[in-house]
Amino acid sequence: MPEYAFIGRSNVGKSSLINMLAAKKGMAKTSQTPGKTQLINHFLINDNWYIVDLPGYGYARVSKDRKEDWNKFIRTYLDKRESLQCVMVLIDSRLEPQKIDVEFCNWLGEKGLSFVLVFTKADKQSSVKTDQNIAKFKKSIGETFEEFPQYFITSAELHLGKEEILGFIGGINQGFEIPDYMPRD
Ligand SMILES: Nc1nc2c(ncn2[C@@H]2O[C@H](COP(=O)(O)OP(=O)(O)OP(=O)(O)O)[C@@H](O)[C@H]2O)c(=O)[nH]1
Ligand SMILES: [Mg+2]
């Protein structure tokens with residue numbers, strides 16, 4: 001079945017956004033402390049597609065070895081997973097462009113993986129400020145990408161952006177074909 005991976009810096013609001021989309025409070029575990037999600041968690045939605053919650057990247061209080069492990073584990077998943085339709089890259093809308101986010105988008109581009117940007121926590125500042133940060137992000141990745149990826153402005157607190165993201169996913173799911181089943185013998 002088609003799946004959509006939600007990724008971004010630790011504490012950006014991945015698990016909260018997933019709960020908003022699934023309309024299930026507490027389905028994905030959230031926390032004020034970064035580093036809450038540690039595994040690849042699949043949540044089946046409407047019996048026909050998966051939301052995938054991933055551990056965050058860029059958490060400062062993690063050893064170099066653990067960061068390396070994360071990189072291998074997550075990047076292999078993203079690169080090899082055939083049912084993965086689109087990577088949803090979450091960006092904190094309060095912040096100026098962060099190097100780690102820009103580099104991650106560049107890596108997705110190099111791998112030819114399709115992705116969209118999801119700006120989170122828009123309730124935390126004015127829409128003018130959010131738009132300014134998005135414009136700056138556009139500029140930062142404009143050096144690599146000719147076209148700015150599709151993006152969504154969201155707030156898990158205010159339930160903002162839910163219909164837009166679900167509409168986007170629904171559109172892709174309609175065109176999803178189940179790969180041919182290959183019996184072993
Ligand atoms: N105001 C506001 N707070 C939010 C929003 N989304 C998440 N938060 C808060 O941000 C913190 C982190 O949220 P999580 O959803 O656990 O973040 P995460 O990206 O899954 O974090 P890790 O699993 O640790 O990588 C929590 O305290 C949430 O309540 C939002 O849209 N608005
Ligand atoms: Mg999480």
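All ligand and atom numbering here is 1-based and tracks the order in the structure. For the numbers below, each heavy atom of this structure counts, side chains included, while hydrogens, waters and symmetry mates do not.
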Does any N or O atom in [X] lie less than 3.5 angstrom from one in ligand 1, N or O only?
X	answer
Lys121	yes
Ala122	no
Thr30	no
Leu54	no

Within the 4.0 Å heavy-atom shell around [X], which atoms of ligand 1 are there?
X	answer
Ser155	31 (O)
Glu157	1 (N), 2 (C), 30 (C), 31 (O), 32 (N)
Gln32	27 (O)
Ala156	6 (N), 30 (C), 31 (O)
Gly13	7 (C), 13 (O), 14 (P), 15 (O), 17 (O), 18 (P), 19 (O)
Lys14	15 (O), 17 (O), 18 (P), 19 (O), 20 (O), 21 (O), 22 (P), 25 (O)
Gly56	25 (O)

Smallest separation among heavy atoms of [X] and [Y], with atom names:
X	Y	value
Ser31	Asn11	O-ND2, 3.4 Å
Ile18	Ala28	CG2-CB, 4.2 Å
Met27	Ala22	CE-CB, 3.6 Å
Gly161	Met20	C-CE, 4.2 Å

- Message: For Asn11, state whether at least one heavy atom is located under 4.0 Å from any atom of ligand 1.
- Response: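 Asn11: in contact with ligand 1 (<4.0 Å).
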- Item | Pairwise side-chain contact, Phe119 with Asn133, heavy-atom cut-off 4.5 Å (strictly under) |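 Phe119 vs Asn133: side chains apart.
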- Item | Minimum side-chain heavy-atom gap Thr154-Ile165 below 4.5 Å | yes
- Task: Record the part of Asp123 in heavy-atom contact with ligand 1 below 4.0 Å; permitted values are side chain, backbone, both and neither.
- Result: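 Asp123 to ligand 1: side-chain contact only, backbone stays beyond 4.0 Å.
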- Residues Lys99, Glu103: salt bridge by 4.0 Å N-O rule: yes
- Message: Taking 2.8 Å as the cut-off, does Ser15 contribute an N, O or S atom near the Mg ion (ligand 2), distance below it?
- Response: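 Short answer: yes, at least one N, O or S atom is under the cut-off.
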- Message: Using heavy-atom distances only, which candidate in Gly161, Ala28, Ser16, Ser31 approaches atom 16 (O) of ligand 1 most closely?
- Response: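 Heavy atom nearest to atom 16 (O) of ligand 1 belongs to Ser31.
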- Message: Over 60° means perpendicular and under 30° means parallel, so tell me whether Phe104 and Tyr57 are parallel, tilted or perpendicular.
- Response: tilted
- Task: Could you go through the side chain to side chain donor-acceptor pair (under 3.5 Å) check for Thr120 and Asp92 one step at a time?
- Result: CA-CA 5 Å; Thr120 63; Asp92 191 328; 4.7 Å; no
- Message: Is it true that Tyr50 and Asn41 share a donor-acceptor pair across their side chains at a distance under 3.5 Å?
- Response: no
